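Quantities reported herein were computed from a predicted structural model and do not represent experimental measurements. All heavy atoms count here, side chains included; hydrogens, waters and symmetry mates do not.
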Amino acid sequence: MGQWRCGNVTLARLHSITKMQLWEQPIFSTRAHVFQIDPNTKKNWVPTSKHAVTVSYFYDSTRNVYRIISLDGSKAIINSTITPNMTFTKTSQKFGQWADSRANTVYGLGFSSEHHLSKFAEKFQEFKEAARLAKEKSQEKMELTSTPSQESAGGDIQSPLTPESINGTDDERTTPEVTQNSEPRAEPTQNALPFTHSSTISKHWEAELATLKGNNAKLTAALLESTANVKQWKQQLAAYQEEAERLHKRVTELECVSSQANAVHTHKTELNQTIQELESTLKKKEEEIERLKQEIDNARELQAQRDSLTQKLQEVEIRNKDLEGQLSDLEQRLEKSQNEQEAFRNNLKTLLEILDGKIFELTELRDNLAKLIECS
């Protein structure tokens, strides 16, 4: 089963690559992180690739359409046909998105730089315009070469998102048949060779697929037969285990009988080994006791140092309290001195004011005397 599945995946990828080489050509490629809009909320982005993958523009010469395709391993995470109604929107410096109505989803791409985003957007606009022109030309040809009843047969069919159909099915690539009443279309002769080649390859891979399916059926039958034999093998295994257990008990009994002569010697050897082990254990215990004594002595020394430090700390705290008392006393003295100085300043200020008044009076008296002298 595992081999068939592995072969089937390889066959599918080879088939897809072969069809891509025949029908579609990559025009422009870049690398980006791929996202799709959450179908439930229609708001949140859901990453479809764990890392940056290659995103390419492809041109299908047979259908004259442009598509955006991206593969993550063998899984197609983008398969979007560009139509004239599509619009690529830049939502930030490194992120852009477009809506695909056929796939009923919105794709988002996160680029490593603004340059890559701008280049991708330019290509999108270019191929969108090319798709519009191709659609107009296709409609003109359909009007000239097809009857009204055949107009609905030329529409593009969106391929499902699988590696096998990432470039369209063989039915999608066939041109619309022309009825006997309509005028024959002038088809280029060079298109006949790829179509015949594709049909041959398709038949070859269908035969290979049928062979693989036959091998799968045979392997499935063999697996069912093996499953049926498992029960029988389990029963035989249980019988063998019972027989082995019985033989083991018998061997044990025989060993007990044969080992009675050596039991005393073996017991003595075991006792000697036990004594040696006990002596070794005792020696280790003594060493451990000695180590513990040293640790106790060290602990006592540490305790003495801690007591000494505690006493010194208490002395420092007492001295600190004395210093705090002295500091408080000095602050009180300083405050008292400041108050006395303030009172002295106030008295001096009052004395200066009185002195100014006296000086003013003496000045007036001098002026009066001077006037009296001048008058006399």
Side-chain angles (χ1 to χ4, degrees), residues 1-3 5-6 9 31-35 38 44-53 72-75 94 110 112-113 223 226-227 229-335:
M1 287 289 288
Q3 293 178 353
R5 282 195 293 265
C6 182
V9 171
R31 293 186 67 82
H33 292 269
V34 181
F35 300 84
D38 191 344
N44 300 326
W45 288 106
V46 178
T48 57
S49 63
K50 296 180 179 179
H51 49 78
V53 295
D72 188 4
S74 61
K75 178 183 178 183
K94 297 182 182 180
S112 60
S113 66
L223 179 61
S226 300
T227 304
N229 292 332
V230 166
K231 294 183 179 179
Q232 182 180 357
W233 294 341
K234 287 182 178 180
Q235 293 176 356
Q236 293 179 356
L237 180 60
Y240 293 153
Q241 288 177 347
E242 292 178 359
E243 183 67 18
E245 186 68 22
R246 186 182 63 81
L247 292 174
H248 180 69
K249 291 180 180 180
R250 180 61 179 169
V251 169
T252 302
E253 293 175 357
L254 292 175
E255 287 178 351
C256 291
V257 172
S258 62
S259 62
Q260 288 180 356
N262 298 325
V264 176
H265 179 72
T266 303
H267 185 62
K268 182 179 179 180
T269 304
E270 291 177 354
L271 289 175
N272 290 332
Q273 292 178 355
T274 303
I275 291 171
Q276 291 178 358
E277 292 175 357
L278 290 174
E279 289 177 351
S280 177
T281 304
L282 181 61
K283 185 177 181 181
K284 291 180 180 179
K285 294 295 182 182
E286 290 177 351
E287 292 176 353
E288 186 176 358
I289 290 171
E290 189 67 24
R291 183 178 59 80
L292 290 174
K293 287 181 179 179
Q294 292 178 358
E295 291 180 357
I296 291 171
D297 294 337
N298 294 332
R300 288 176 179 174
E301 292 179 359
L302 292 174
Q303 181 67 24
Q305 292 178 1
R306 188 176 69 86
D307 294 339
S308 176
L309 291 175
T310 302
Q311 185 177 0
K312 289 180 181 180
L313 180 61
Q314 291 176 354
E315 293 176 354
V316 170
E317 289 177 352
I318 294 171
R319 183 172 179 78
N320 189 22
K321 288 180 179 179
D322 294 339
L323 291 174
E324 288 178 355
Q326 294 177 6
L327 179 61
S328 178
D329 188 17
L330 290 174
E331 288 177 351
Q332 291 177 358
R333 291 180 181 178
L334 178 62
E335 185 178 0

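- Using a 4.5 Å heavy-atom threshold, the side chains of Thr48 and Asp72 count as separate.
- In terms of modelled atom types and a separation under 3.5 Å, the side chain of Thr274 and the main chain of Glu270 share a donor-acceptor contact.
- The side chain to side chain donor-acceptor pair (under 3.5 Å) search around Glu243 returns Arg246, not counting sequence neighbours.
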* Residue pair Asp307, Gln305: steps toward the side-chain contact (heavy atoms from CB on, under 4.5 Å) verdict -> CA-CA 5 Å; Asp307 294 339; Gln305 292 178 1; over 6 Å; no
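- Residue Thr281 holds its OG1 atom at 12.0 Å from NZ of Lys283, rounded to the nearest 0.5 Å.
- Residues His33 and Ala52 share a closest heavy-atom pair of CE1-N, 3.3 Å.
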Donor-acceptor contacts, no H, no angles, side chain residues 321-334, under 3.5 Å, sequence neighbours left out:
{"unit_1": "Asp329", "atom_1": "OD2", "unit_2": "Arg333", "atom_2": "NH2", "d": "3.4"}

Between side-chain atoms of residues 285-300 and protein atoms elsewhere (two or more places apart, or another chain), which donor-acceptor pairs fall under 3.5 Å?
{"unit_1": "Arg291", "atom_1": "NH1", "unit_2": "Glu295", "atom_2": "OE2", "d": "2.7"}
{"unit_1": "Asn298", "atom_1": "ND2", "unit_2": "Gln294", "atom_2": "O", "d": "3.1"}

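- With contacts defined as side-chain heavy-atom distances shorter than 4.5 Å, the pair Arg306/Gln303 qualifies.
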